[in-house]
S.K.: 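Mind having a look at this structure? Questions to follow.
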Amino acid sequence: MLKKSVWKYLAVSFCMLVLLAGCGGSGGDKTDGSKDAASAKKDELRIAVSANPPSLDAQIANSNITAQIGYHIFEPLFAMDGNFEPQPVLADSYEVSEDGKVYTIKLLKGVKFHNGKEMTADDVVASLSRWVKDSQKASTLIGGSTFEKVDDYTVKMTANEASSDVITVLANPIMFAAIYPAEIVEKAGEKGISEYIGTGPYKLADWKQDQYIELEKFDDYKVRENATTGLAGKKTAATDKLVFDIVTDASTRIAGAKNGQYDIVEEVPQDNYEELEKASNLKLDVTKGGTLNLFLNTTVGIMEKQDMRQAVLAALNMDDILLASYGNKKLFEENPGWFNPEDAQWGSEAGKEYYNQNDPDKAKELLKKAGYNNEKLVLVTTPDYPEMYNATLVVQEQLKKVGINAEVESYDFSTFMEHRADPNQCSMFITSNSYNVLPIQLTVLDKTWAGMDRPEVTDGIKAMRSANSQEEAKAAWDDLQEFIYEYGGATVLGHFTGVNAVSNNVDGYEYMRFPIFWNATVSE
């Protein structure tokens, strides 16, 4: 058997360090359950979200909102528990060969898809074969791995190389390894699957684009006996119907939170934090959960030049950007690390000399070295996420001040995702990204995310995955974070604190990477 990964220990320490900052929101995993137990429960929970998902294809859409809703519809073989440890979900058990490359995975029996069909190895093989090829995160980390059927309830995975974090990769919560019926996978086109059928506690009832997504309880869902906590926890579908109202206007979401139209409101603008904190019918779930990041196109035109990208980094004043994005200095922190600064293992200031330089003269010199000739640089953004939009406008002004012809193009979230994925339509873009457990899970390391298809990245990932000690892994990550800044492929703008508003009548709401509603109820 392959020796246990160092990641196991690190994941536990990570969660302990950020317990109040990301594992459970404001003070714990669940909301206060102090309401009268005899209170009548509503059969519908209404959640206001700020953007329409680009897709519900959880395998390939690199989006928190897709993963959040997707986890209620689909399930993976493994998922992260409350301690950020991978645990079986649709898997029953697994064994690893002596050489560390072959994983024999036993499946749970009697699991039903929403169409009534039993899940078997054929569905798992079809789903994971597509996932390892089409998911950016999977292809970056375990591309070339293969899956084959042993019998109806056993699957063999042959990893591309021996590594002790393979199960952690299978349990990654974004672009996750969702299991679909084989026939749905076979019909998937370039834009993804067209029917959203999973094994989760809820099934898709209706999706009105840009209006709402309605999920209804799956009556044949069998609560997993191997359930633990977190994303691998017990799922009861406690409320019959979940309605995700797509409300892009922040003021409408705020009004709906205060007047009780919505039971939960996500993405509360930080400008409204103090206002909602005083609302007697609400409690705020405050989560220090990630980083606001600027990604630079490294593959097309003038942006191919490292001096050009370094000119952009030299021009940035993070304090102004973050203040415009979050409005309250209590809700952000300046730090160059891609991980929580309090994370003892992965918190790092490597590359800090390239962070928050606010040096217009240096930026202008670098523009000359790059041979910049007033080429237009396009910053794509979306007003659906105000922090991203506001940050983009400030970055545009900072770039203009040093002589860069920066133009902002703003789209709805789905269109923004399309444009940011095409280097011919985008020079830069800003996104907010939740904290990860391991560096290998960072979006910035995905080859197709923002042009970071570099041998230094591949070698850095390999060095971390093959490290023999925590110290060795840490050193490899420091080197890789330094390279990201030196190459000018991306920069952290700062660390954010997210706010969700939850009605006092809601019980069983949980937060782990994103809100979880399968055990949530709301009183009349």
Side-chain angles (χ1 to χ4, degrees), residues 1-2 4-5 7-8 11 58-59 70-132 138 142 145-159 163-173 176-182 184-185 197-203 218-237 512 516 518-519:
M1 294 282 289
L2 188 65
K4 289 289 185 181
S5 171
W7 315 129
K8 288 274 189 177
Q59 288 192 355
Y71 253 97
H72 293 78
I73 303 171
F74 311 110
E75 294 179 300
L77 294 186
F78 303 90
M80 293 294 186
D81 69 12
N83 289 323
F84 286 82
E85 295 264 12
Q87 300 291 347
V89 178
L90 292 177
D92 184 53
S93 62
Y94 72 95
E95 295 179 351
V96 188
S97 63
E98 288 293 333
D99 66 0
K101 291 193 66 175
V102 179
Y103 290 71
T104 302
I105 304 170
K106 295 288 186 181
L107 308 177
L108 289 178
K109 298 180 180 180
V111 175
K112 293 289 187 67
F113 283 109
H114 299 155
N115 60 5
K117 169 189 167 184
E118 184 184 10
M119 181 199 74
T120 67
D122 290 324
D123 304 301
V124 174
V125 169
S127 297
L128 295 185
S129 295
R130 174 189 184 245
W131 172 75
V132 80
I142 57 172
S145 300
T146 60
F147 299 86
E148 56 185 298
K149 174 181 177 180
V150 176
D151 58 44
D152 281 347
Y153 302 104
T154 309
V155 170
K156 183 173 76 173
M157 173 187 179
T158 303
S163 178
S164 52
D165 60 9
V166 168
I167 299 300
T168 299
V169 174
L170 284 169
N172 187 56
F176 70 92
I179 303 302
Y180 308 141
I184 299 299
V185 176
I197 297 173
T199 62
Y202 289 93
K203 59 184 179 180
F218 177 39
D219 290 332
D220 289 334
Y221 182 77
K222 182 180 179 181
V223 177
R224 310 290 180 242
E225 293 182 2
N226 62 349
T228 56
T229 59
L231 296 175
K234 184 178 181 181
K235 306 167 189 174
T236 63
M512 184 175 170
I516 303 170
W518 47 62
N519 297 323

S.K.: Could you walk me through whether Trp131 and Ile142 pass side-chain contact (heavy atoms from CB on, under 4.5 Å), step by step?
M.R.: CA-CA 10 Å; Trp131 172 75; Ile142 57 172; 3.8 Å; yes

S.K.: Does the side chain of Leu90 reach to within under 4.5 Å of the side chain of Met119, using non-hydrogen atoms?
M.R.: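 Yes. Closest side-chain heavy atoms under 4.5 Å.
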
S.K.: Search all heavy atoms of Ala178 against all heavy atoms of Ser127 and return the closest pair with its distance.
M.R.: O-CB, 3.7 Å

S.K.: Nearest 0.5 angstrom please: Met512 CE to Met80 CE, how far?
M.R.: 7.0 Å

S.K.: How long is the gap from NZ on Lys203 to CG on Asp220, to the nearest 0.5 Å?
M.R.: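 Lys203 NZ to Asp220 CG: 8.0 Å, rounded to 0.5 Å.
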
S.K.: Indicate yes or no: at least one non-hydrogen side-chain atom of Phe218 is less than 4.5 angstrom from one of Lys235.
M.R.: no

S.K.: Any donor-acceptor pair under 3.5 Å linking the side chain of His114 with the backbone of Phe74?
M.R.: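 No, the answer is negative, given that no donor and acceptor are paired below the 3.5 Å cut-off.
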
S.K.: First locate atom CG of Leu77, then atom CD1 of Ile105, and finally report the distance between them rounded to the nearest 0.5 Å.
M.R.: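 Interatomic distance, Leu77 CG to Ile105 CD1, rounded to 0.5 Å: 5.5 Å.
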
S.K.: Using the six-membered ring wherever Trp is involved, compare the ring planes of Tyr94 and Phe78 and label them parallel, tilted or perpendicular (cut-offs 30° and 60°).
M.R.: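 Rings of Tyr94 and Phe78: perpendicular, over 60°.
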
S.K.: Residues in ring pair (Phe, Tyr, Trp, His ring centres under 6.0 Å) with Phe147, at least two apart?
M.R.: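 Result, ring pair (Phe, Tyr, Trp, His ring centres under 6.0 Å) vs Phe147: none returned.
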
S.K.: If you compare all heavy atoms of Tyr180 against all heavy atoms of Ala58, which two are closest, and at what distance to 0.1 Å?
M.R.: OH-N, 3.1 Å

S.K.: Side chain to side chain contact (heavy atoms under 4.5 Å, CB included) with Thr236: which residues, sequence neighbours excluded?
M.R.: Lys234, Ala238, Asn519

S.K.: Who passes side chain to side chain contact (heavy atoms under 4.5 Å, CB included) against Thr104, sequence neighbours left out?
M.R.: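 If we apply the side chain to side chain contact (heavy atoms under 4.5 Å, CB included) test to Thr104, skipping adjacent residues, the hits are Val102, Thr154.
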
S.K.: Going by the rule side chain to side chain contact (heavy atoms under 4.5 Å, CB included), which residues pair with Thr146 if we only count those two or more places apart in sequence or in a different chain?
M.R.: Thr158

S.K.: Would Leu170 and Met157 count as a side-chain contact (heavy atoms from CB on, under 4.5 Å) if you check the C-alpha gap in whole Å, the side-chain angles of each, and the deciding distance to 0.1 Å?
M.R.: CA-CA 11 Å; Leu170 284 169; Met157 173 187 179; 4.1 Å; yes

S.K.: Is Lys117 close to Asp123 at the side-chain level, that is, under 4.5 Å between some pair of heavy atoms?
M.R.: yes

S.K.: Closest heavy-atom contact between Val96 and Gly100?
M.R.: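 The pair with the smallest heavy-atom distance is CG1-CA, 3.9 Å.
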
S.K.: Given 3.5 Å as the limit, does a donor-acceptor pair link the side chain of Gln87 with the main chain of Thr229, or not?
M.R.: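 Pair absent, no side-chain N/O of Gln87 close to backbone of Thr229.
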
S.K.: Identify, with sequence neighbours excluded, every residue that meets ring pair (Phe, Tyr, Trp, His ring centres under 6.0 Å) alongside Tyr202.
M.R.: none

S.K.: Which heavy atom of Phe176 sits nearest to which heavy atom of Pro173, and what is that distance?
M.R.: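 Result for this residue pair: CD2-O, 3.6 Å.
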
S.K.: Out of Thr120, Ile179, Val155, which one pairs with Leu107 under the side-chain contact (heavy atoms from CB on, under 4.5 Å) rule?
M.R.: Val155

S.K.: Grab the two heavy atoms, one from Ala79 and one from Leu231, that are nearest each other, plus how far apart they are.
M.R.: CB-O, 3.6 Å

S.K.: Going by salt bridge (Lys or Arg N to Asp or Glu O under 4.0 Å), name the residues that satisfy it together with Lys101, two or more places apart in sequence or in a different chain.
M.R.: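 Not a single residue meets the salt bridge (Lys or Arg N to Asp or Glu O under 4.0 Å) criterion with Lys101.
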
S.K.: Quick test of your reading: applying salt bridge (Lys or Arg N to Asp or Glu O under 4.0 Å), list the pairs with at least one residue in residues 147-156, sequence neighbours left out, ordered by first then second residue.
M.R.: Asp122-Lys149, Glu148-Lys156, Lys149-Asp152

S.K.: Mind checking what makes side-chain hydrogen bond (donor to acceptor under 3.5 Å, both in side chains) contact with Asp92, not counting sequence neighbours?
M.R.: none

S.K.: With sequence neighbours excluded, tell me which residues meet side chain to side chain contact (heavy atoms under 4.5 Å, CB included) with Asn226.
M.R.: Pro88, Leu108, Arg224

